[in-house]
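See below for the structure under consideration.
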Amino acid sequence: MENNLAIQQIMQTPNVIGYVRCSESGVVIEQEGNEVDVLANVIVYFQQIAVLIGESFGLERFHEAQIQGKSLIVVCIPLNGEVLGVILNSRARVPEIVGQIRQILHLA
Amino acid sequence: MMLNKVFDNILDIPGVDGVCLFSTMGKVLINRMPSFMSPDIFEDGLRRITALYDTMDENFLPCDDYLLRFEEKWVLFRRADQVVLLVLAADKANFMSTRMVTNMALKHITPALLEELTAAAGLAAAPAAPVLVAPAGAASAPPFPVAIPAVVPAPQAAAPVEKAAEPSKAPLRMFRGRAY
């Protein structure tokens, strides 16, 4: 419950236009904002393949991904067996927002 | 080659461990990854990156740049028209600097240079094919180097080389990573 409230705070962050939280099996736990339906379809696959790409290069413990499109940016963060995808608009300063998201979620 | 200097600039960024340029078909064109990491080792990675691009293009939005952060390292891959530039770096590497320098690298990749790189990659891969074919055909037909000089000396010997080069040119006819 506390986690849910914390995630909802993400929407208050400037330039965040939506977020989606999915379980490992792909079930959408919660979502809010624009463009999140499409992201919900791919975010779990994306996280799984990101882990595999890392393994190919001998890298372990995937903890964040940024997908840079022309009009938006997606930040993907694994979260206690779930996946959080946050959509930002192109004006967003990604490192600052990622820092804020990590603070909100009490991640290191 | 100018591109090698640009790649040197990427590797000069403190914390950057390696750079690799590969075609959207998964063929390594320039490999400047750490020496302990041979292309055979990360071949799976390139295949997965290509699959990731395909899936995201089809089911989400066409995105060219992906940054994957792991515990101590990050991997950045950036797609141009027919190639993907991959950078492997430590956490301490400056991401913005890397983006700037890789912008320059991607600007230097012209169609002519790409053709040259693909041809070079094709030639590098070429010696592997006869090794596989020769033992199978050895029983029924004479080995290639012995038979050809005996029948027709020069022109016949040149023709197979051109034929071998043709397949490597074929994948160049692409638009945004798709053959047409």
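From a predicted model like this one, the values you see are computed outputs, not experimental measurements. Labels below follow one simple rule: chain letters A, B, ... track the order of the sequence lines, proteins then strands, and each chain is numbered from 1.
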Is [X] in contact with chain B via its backbone, its side chain, both, or neither, using a 4.5 Å heavy-atom distance?
X	result
Ile49(A)	side chain
Leu72(A)	side chain
Glu60(A)	backbone

What's the spacing between [X] [atom1] and [Y] [atom2] if we round to 0.5 Å?
X	Y	atom1	atom2	value
Gln66(A)	Asp65(B)	CD	CG	10.5 Å
Leu68(B)	Ile53(A)	CG	CD1	5.5 Å
Trp74(B)	Leu59(A)	CH2	CG	12.0 Å
Leu52(A)	Arg47(B)	CG	CZ	9.0 Å
Arg99(B)	Gln68(A)	CZ	CD	4.5 Å

Is there a side-chain contact between [X] and [Y] (heavy atoms, below 4.5 Å)?
X	Y	value
Lys70(A)	Asp64(B)	yes
Val42(A)	Asn59(B)	yes
Tyr66(B)	Phe46(A)	yes

Exercise. Please determine, among Glu71(B), Met56(B), Met37(B), the option with the most heavy-atom pairs under 4.5 Å with chain A.
Key: Glu71(B)
Quiz prompt | When Leu76(B), Val75(B), Leu46(B), Thr55(B) are compared by non-hydrogen pairs under 4.5 Å with chain A, the top option | solution =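 With the most close heavy-atom pairs to chain A, the winner is Thr55(B).
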Quiz item: How far apart are the closest heavy atoms of Cys63(B) and Gly69(A), and which atoms are they?
Solution: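 Heavy atoms of Cys63(B) and Gly69(A) come nearest at SG-CA, 3.8 Å.
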Quiz item: Do you know the tightest heavy-atom contact between Phe62(A) and Arg69(B)?
Solution: CD1-O, 3.6 Å
Chain A contact via [X] - side chain, backbone, both or neither, heavy atoms under 4.5 Å:
X	answer
Leu61(B)	side chain
Met96(B)	neither
Leu88(B)	side chain

Exercise. List the steps and the verdict of side chain to side chain contact (heavy atoms under 4.5 Å, CB included) for Glu72(B) and Arg61(A).
Key: CA-CA 9 Å; Glu72(B) 290 168 351; Arg61(A) 296 192 193 167; over 6 Å; no
Quiz item: Can you list the steps and then say if Phe57(A) with Met33(B) is a side chain to side chain contact (heavy atoms under 4.5 Å, CB included)?
Solution: CA-CA 10 Å; Phe57(A) 293 93; Met33(B) 293 297 270; 3.7 Å; yes
